Amino acid sequence: MSQIKYPKIPLAQSLIAICKAKGLKHVVISPGSRNAPLTIGFASNPFFTCYSIADERCAAFFALGIAQQLEEPVAVVCTSGSAVLNYYPAVAEAFYSQIPLVIISADRPHDKIDIGDGQTIRQENVFSNHIITSANLTEEVSTENDLAIQNALHLAVIEKGPVHINIPFEEPLYETVDALTVETKWISFDSENSPTFELDSLFINQWKTSKKKLIVIGENKPDVIQNEILEQLAADSSVVVMTEKTSNLYHTKFVHNIDTIITPFTDVDFAFFQPDILITFGGMVVSKRIKAFLRKYKPVAHWHIDERRAYNTYGCLTEHFKTKPQHFFEELLKNFTETKSEYDLKMQEIISLRKVRTAEYLKNIPFSDFKVFDFISKNLPPNIQLQISNSSAVRYLQLVNIEPSITVFCNRGTSGIDGSTSTAIGAAIVQDKPTFFITGDISFFYDSNALWNNYIPKNFKIILINNGGGGIFRILPGHEENNVFTTFFETSHRLNAKYLAAMFHFNYHWVDNEADLEETWSLFITSNEQPCLLEINTPEKLNNKILLDYFKNLK
């Protein structure tokens, strides 16, 4: 066993010692000189699992994927200058998705900033709008530095979000020693035991007497609510539960295809389903239609459940319950009695009608994005992790049904297309389940450097749906078929992933029709000797018409 090498710079020793003591195990490092003391210290210590990712934007999303799955802090380490700015998209995503990402940026000494030295920028507080805290360290070892580092790591866990530690180093940077030369100053934090949650009887009585109660569930980790609670909600005829695929909650009576259900609503339907009480929990919601519905037909009361934040998404928030959803519903449903109502009965009738109409429509449409998602949803293996990119891909997923054992993740904090592939790969390496990633072409090519690493599991699979551009813009209102649209909005292209797959050692399959997709699928899902990419080419100018006609047909 080789001897551990420590960086000679005491400040680097302190940071690494604190990270180890706090149990931060995963460190994603991008190459550079200014961060050499940190790279040497982390990579030479067997306590840490270190990853080398050259592209800082990819590195940050890769770390985000690890933290998303482990629900614990993961560090990204970079050199000084423009490198740290490339972390910003992932920092914003971590902030809005409540993921503990730890940014550690090496910096030039304070007296070198703004004097014309290379790779010097104003790094302190650079993420100020989207960070839990920034620890701007001084060059000397000090109690203040030790406390700032410990406080940042503590807040990343407690507040569930990104923190930034900016650490200046003077040359020489590569010298090492065989033993620690610093004695860290430690502080103790109050234990963060969740207080016992009790729900005021006024809310319980309001719940019991209301005949129209709507629950809308956004993005969640799996198993945030026990099955007993789901069964109680499903058994109450005055309750309608609407979920999205990223909610990772399922019951046969819940609405799992929100847009399919409510898009054909008349004013009479909207008025009938206007809730007395709206309960929301989880992260960002994909459906624009449910937002438009609830902003116009506001409930009397809107209760949001989250331990930290409550966004007034629908413009009618009346109460924020700072607790876990499981604790809230345990209190709310004590001494459960059903409130008799026509609310859910009417919804179940609509669900049955939409199922018939959808099946008829899908049976007769040509090969297209919608047809592909229908096929994929029916043929994905059970018990996998499904990562999905934003834009069209996550929206199509809401329209189809998937096997309940599949867990679904998407970067819905900022809903950007950047970093989806990197996040999926980071998530895959710390997940026992096989990981499938569904992505559109613009998102995939935008983040193609995600494939540039040595950590991709052999059973990682990418389904790339290539319709030759940003298909989402054909669906959105205002689309006009002209050169400005195809060049600057749709960004029409004729690219494919064949050579990228070869360069990064992926098995590669390409199909452009239903028969070939059916024939290739079995080989794609069973081949695990190396990562695999299935590229599905769909017609650029047909997809939007098929989707829009679907909603018309539902009426």
Side-chain angles (χ1 to χ4, degrees), residues 7 9 11-12 15-16 19 24 26-43 50-67 73-96 99-139 145 148-149 152-153 155-156 161-171 173 413-414 416 418-419 422-423 426 447 449-450 452:
I9 297 175
L11 185 55
L15 184 137
I16 292 164
C19 287
L24 190 157
H26 295 268
V27 183
V28 182
I29 302 171
S30 294
S33 289
R34 191 59 50 173
N35 59 331
L38 300 175
T39 301
I40 292 168
F42 282 123
C50 295
Y51 311 87
S52 175
I53 306 289
D55 184 319
E56 282 89 359
R57 187 177 68 186
C58 293
F61 278 108
F62 179 89
L64 184 89
I66 299 174
V74 174
V76 280
V77 177
C78 71
T79 191
S80 65
S82 59
V84 69
L85 300 181
N86 289 295
Y87 286 159
Y88 212 134
V91 170
E93 178 62 38
F95 181 78
Y96 287 109
I99 294 175
L101 189 66
V102 179
I103 307 299
I104 305 175
S105 56
D107 200 356
R108 300 284 172 132
H110 289 80
D111 61 3
K112 299 291 176 62
I113 307 301
D114 287 341
I115 67 167
D117 251 16
Q119 280 294 285
T120 58
I121 66 170
R122 299 172 189 176
Q123 293 181 202
E124 294 187 354
N125 304 313
V126 73
F127 304 117
S128 58
N129 285 335
H130 300 97
I131 206 80
I132 301 299
T133 190
S134 296
N136 299 305
L137 307 186
T138 56
E139 293 160 51
N145 279 341
I149 296 167
L153 297 181
L155 290 177
V163 298
H164 178 205
I165 301 171
N166 192 61
I167 179 167
F169 293 130
E170 182 59 277
E171 298 178 9
L173 302 168
T414 63
D418 46 349
S422 297
T423 303
D447 194 30
N449 270 355
W452 180 18

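Bear in mind that the values here come from a model prediction, so they are computed numbers and not experimental data.
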### Spacing of Ile131 atom CD1 and Tyr88 atom OH [to the nearest 0.5 Å]
8.0 Å
### Query
Side chain of Thr414, backbone of Glu93: donor and acceptor closer than 3.5 Å?
no
### Separation between CD1 of Ile53 and CZ of Phe61, rounded to the nearest 0.5 Å
13.5 Å
### Task
Could you check Asn125 against Asn136 for side chain to side chain donor-acceptor pair (under 3.5 Å), going step by step and ending with a plain yes or no?
CA-CA 8 Å; Asn125 304 313; Asn136 299 305; 3.0 Å; yes
### Message
So which atom in Ala63 and which in Val28 form the shortest heavy-atom distance, rounded to 0.1 Å?
### Response
CB-CG2, 3.8 Å
### Task
Please step through side chain to side chain contact (heavy atoms under 4.5 Å, CB included) for the pair Phe95 and Asn129, ending with a clear verdict.
CA-CA 10 Å; Phe95 181 78; Asn129 285 335; over 6 Å; no
### Query
With no hydrogens and no angle check, is any side-chain donor or acceptor of Glu139 less than 3.5 Å from a backbone partner on Pro168?
no
### Task
May I ask you to decide if the ring planes of Tyr51 and His26 are parallel, tilted or perpendicular, using 30° and 60° as cut-offs?
parallel
### Task
Looking only at non-hydrogen atoms, find the nearest pair between Ala60 and Val76 and report the distance.
CA-CG1, 3.9 Å
## Note on the structure
Looking only at heavy atoms, the pair that brings Pro73 and Leu24 closest together is O-CG, 3.9 Å
### Summary
Rounded to the nearest 0.5 Å, the SG atom of Cys19 sits from the CD1 atom of Ile165 at a distance of 6.0 Å
### Query
Once you round to the nearest 0.5 Å, how far does CD1 of Ile9 lie from CG of Leu173?
5.5 Å
### Task
Determine, stepwise, if the pair Asp447 / Cys58 fulfils side chain to side chain contact (heavy atoms under 4.5 Å, CB included).
CA-CA 7 Å; Asp447 194 30; Cys58 293; 3.5 Å; yes
#### Entry: Closest contact, heavy atoms only, Val126 versus His164
CG1-CE1, 4.0 Å
### Any donor-acceptor N/O pair, Gln123 side chain to Ala106 backbone, under 3.5 Å
yes
### Message
Can you see whether Glu124 engages His110 through a side-chain donor-acceptor pair at a distance of less than 3.5 angstrom?
### Response
yes
### Summary
From the list Ile167, Ile113, Leu137, side chain to side chain contact (heavy atoms under 4.5 Å, CB included) with Asp107 holds only for Ile113
### Task
Begin with the C-alpha distance, continue with both residues' side-chain angles, and end with the deciding distance and a verdict on side chain to side chain donor-acceptor pair (under 3.5 Å) for Ser105 and Asn166.
CA-CA 5 Å; Ser105 56; Asn166 192 61; 2.7 Å; yes
### Task
Mind listing the closest non-hydrogen atom pair of Leu64 and Leu101 along with its distance?
N-CD1, 3.9 Å
### Task
Would you confirm whether Asn86, through its side chain, and Ser82, through its main-chain N or O, come within 3.5 Å as a donor-acceptor pair?
yes
#### Entry: Residue pair Tyr87 / Cys78: nearest heavy atoms and the distance that separates them
OH-CB, 3.1 Å
### Query
For the side chain of Arg57 and the backbone of Gly419, is there at least one donor-acceptor N/O pair under 3.5 Å apart?
no
### Task
Given side chain to side chain contact (heavy atoms under 4.5 Å, CB included), test Thr120 with Ser80 step by step and report yes or no.
CA-CA 7 Å; Thr120 58; Ser80 65; 5.8 Å; no
